[in-house]
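Step one of this worksheet: look at the structure below.
Scope of the values below: all heavy atoms of this structure, side chains included, with no hydrogens, waters or symmetry mates. Along the sequence shown, the residues carry numbers beginning at 1.
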Amino acid sequence: MPARRQEYTRWVGIIPRVAMLKPENRLAILMHEGILGKFGKTGLGLLRYSANPIVAVIDRECAGRSLRELTGIQREVPIVASVQEAMAYRPDTLVIGVAPSGGALPAEMWREVRTAVLAGLNLVNGMHAPLAKHPDLEPFLHSCQWIWDVRKEPPGLGVGSGKARHLNGTRVLTVGTDMAVGKMTVSLEMHRACLQQGIRSRFLATGQTGIMIEGSGVALDAVRVDFASGAVEQFVCALAEDAEIIHIEGQGALTNPASTATLPLLRGAQPTHLVLVHRAGQTHIRTFPDVPIPPLPEVIRIYEQVAAMGGAFYPSKVVAVALNTAHLSESEARAAVEQVEAETKLPCTDPVRFGAGRLLQAIMTSG
């Protein structure tokens with residue numbers, strides 16, 4: 001499993017620990033139409049990686065069915081149709097596990113959130129709109145009850161300076177051919193593989209799901225653009241004081257016209273290694289079907305050129321490709337991995353399906 005939040009009893013230097021979740025908090029995850037739909041990435045990430053006990057998943061579309069059979073996640077959690085039904089499993093915290101298009105909760109999901117708060121549950125909110133001071137929720141909080149708005153800009157930020165390039169140790173950034181191809185998952189799988197080998201590894205979460213899982217990090221899409229690379233730099237430099245390797249969760253993609261987070265990550269982290277993440281068979285940007293994804297060798301060349309910026313920054317190299325094959329059979333997945341290896345001349349694997357050892361070996365043996 002990824003590093004437990006207990007490992008972060010303090011942050012090195014000036015970076016505070018911000019998580020409100022404690023290891024004993026019992027979670028119910030609100031995921032209406034998210035298990036099988038487009039917007040359940042947060043909930044599914046928590047189900048796969050969170051160290052907290054998850055006692056119920058709320059998804060009226062899938063109520064009564066097996067989470068393991070629906071998702072392949074090896075966790076036995078009942079799926080129920082409402083917050084009211086979830087209360088039978090004694091949760092103390094509701095997590096909003098979906099990110100609806102436009103960032104606003106539909107009316108029926110808002111009613112579920114309000115029901116949970118009125119029932120005394122804490123609330124973890126990963127959406128852009130803050131809820132801790134919402135007039136329909138705040139007046140009903142009792143003294144020990146809390147709402148954690150995850151997407152907040154950390155205090156005390158400055159602009160980036162490129163100083164992370166002078167750090168010792170290994171810094172691995174996942175970069176993608178598109179958004180939502182599995183960059184967080186790949187970083188967590190590599191982090192877990194390091195811990196299993198006794199390597200002092202740290203995971204830097206840069207999105208709301210990763211922060212919920214790890215307990216700390218920077219929600220990069222909540223940071224003003226002038227301070228984005230500085231925020232990454234600040235966290236990386238702090239973690240480097242107590243790590244042999246830092247796995248930095250990638251965001252966005254240079255190939256996606258809507259993406260804004262990849263450049264600050266490259267500039268702030270000054271990664272020593274890049275791992276390219278791609279969904280097998282995807283040829284166009286998912287939300288912009290008129291925008292093609294270039295051939296993988298071309299994507300790799302572009303990332304390496306931008307990362308080095310003509311010698312101004314650390315000369316990062318893509319050392320491996322992580323392939324998302326969740327939509328393929330095992331035989332199809334193995335064939336896709338072989339095809340990408342032949343195309344890129346780099347090691348390739350699906351770390352969820354086949355383990356992250358091949359990726360970690362590529363990092364450790366590269367120059």
Side-chain angles (χ1 to χ4, degrees), residues 2 38 40-41 44-45 47-49 71-74 172-194 196 203 206-207 209-210 245 247-256 259 262 265 271 273-289 291-304 307 316-366:
K38 298 178 181 179
K41 185 173 74 169
L44 294 173
L47 285 162
R48 191 178 297 278
Y49 295 110
T71 66
I73 295 172
Q74 301 303 301
V172 184
L173 173 66
T174 46
V175 294
T177 55
D178 196 2
M179 297 179 179
V181 291
K183 295 180 289 294
M184 180 197 75
T185 296
V186 173
S187 291
L188 281 168
E189 289 288 343
M190 292 190 295
H191 173 51
R192 177 165 64 178
C194 285
Q196 289 171 345
F203 168 67
T206 59
T209 307
I245 182 169
H247 294 282
I248 302 130
E249 176 191 0
Q251 296 291 336
L254 291 178
T255 46
N256 191 311
S259 175
T262 307
L265 282 164
H273 301 74
L274 303 173
V275 172
L276 181 66
V277 186
H278 177 62
R279 181 179 287 104
Q282 185 175 344
T283 59
H284 290 70
I285 299 301
R286 184 171 57 90
T287 51
F288 300 100
V291 178
I293 295 173
L296 295 187
E298 178 68 7
V299 175
I300 290 167
R301 183 186 67 81
I302 292 169
Y303 269 114
E304 291 180 345
S316 308
K317 296 295 181 184
V318 175
V319 297
V321 179
L323 200 62
N324 182 337
T325 66
H327 55 296
L328 303 179
S329 68
E330 183 163 334
S331 61
E332 291 171 334
R334 293 188 183 278
V337 166
E338 291 177 4
Q339 180 181 345
V340 168
E341 287 193 333
E343 182 182 359
T344 64
K345 306 299 188 291
L346 291 172
C348 176
T349 191
D350 181 334
V352 173
R353 203 164 208 157
F354 305 124
R358 192 157 170 74
L359 302 179
L360 191 57
Q361 182 182 26
I363 293 165
M364 296 306 185
T365 58
S366 64

[atom1]-[atom2] distance between [X] and [Y], expressed to the nearest 0.5 angstrom:
X: L328; Y: R353; atom1: CG; atom2: CZ; answer: 6.5 Å
X: T209; Y: L44; atom1: OG1; atom2: CG; answer: 9.5 Å
X: T344; Y: Q339; atom1: OG1; atom2: CD; answer: 10.5 Å
X: L173; Y: S187; atom1: CG; atom2: OG; answer: 7.0 Å

Looking at every non-hydrogen atom in both residues, tell me the closest pair between [X] and [Y] and how far apart they are.
X: A180; Y: R286; value: CB-NH2, 3.9 Å
X: H278; Y: G281; value: NE2-N, 4.2 Å
X: A253; Y: G176; value: CB-O, 3.3 Å
X: V321; Y: L359; value: O-CD2, 3.7 Å
X: M179; Y: K183; value: CA-NZ, 3.9 Å
X: L274; Y: A307; value: CD1-CB, 4.3 Å

Going through the distances and angles, do V291 and N256 end up as a side chain to side chain contact (heavy atoms under 4.5 Å, CB included)?
CA-CA 8 Å; V291 178; N256 191 311; over 6 Å; no
Quick one: does [X]'s side chain get under 4.5 Å of [Y]'s, heavy atoms only?
X: L360; Y: C194; answer: yes
X: L276; Y: L346; answer: no
X: S366; Y: H273; answer: yes
X: M364; Y: I245; answer: yes
X: T174; Y: M190; answer: yes
X: E332; Y: T325; answer: no
X: I285; Y: I293; answer: yes

Hey, is the main chain of [Y] close enough, under 3.5 Å, to the side chain of [X] for a donor-acceptor pair?
X: E249; Y: H247; answer: no
X: N324; Y: G182; answer: no
X: Y303; Y: L254; answer: yes
X: T255; Y: T177; answer: yes
X: E189; Y: V352; answer: no

Might you confirm whether atom CD of E304 has over 12 heavy atoms from other residues, nucleotides or ligands at distances under 6.0 Å?
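Yes, the 6.0 Å shell around CD holds more than 12 heavy atoms from other groups.
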After noting the C-alpha distance and the side-chain angles of R48 and T71, does the key distance pass the side chain to side chain contact (heavy atoms under 4.5 Å, CB included) rule?
CA-CA 10 Å; R48 191 178 297 278; T71 66; 5.8 Å; no
Closer than 4.0 angstrom, basic N to acidic O: yes or no for E330 and R334?
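Looking at R334 together with E330, the answer is yes, because their closest N to O distance falls below 4.0 Å.
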Salt bridge present between E298 and R301 (N-O < 4.0 angstrom):
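Answer for the salt bridge query: yes.
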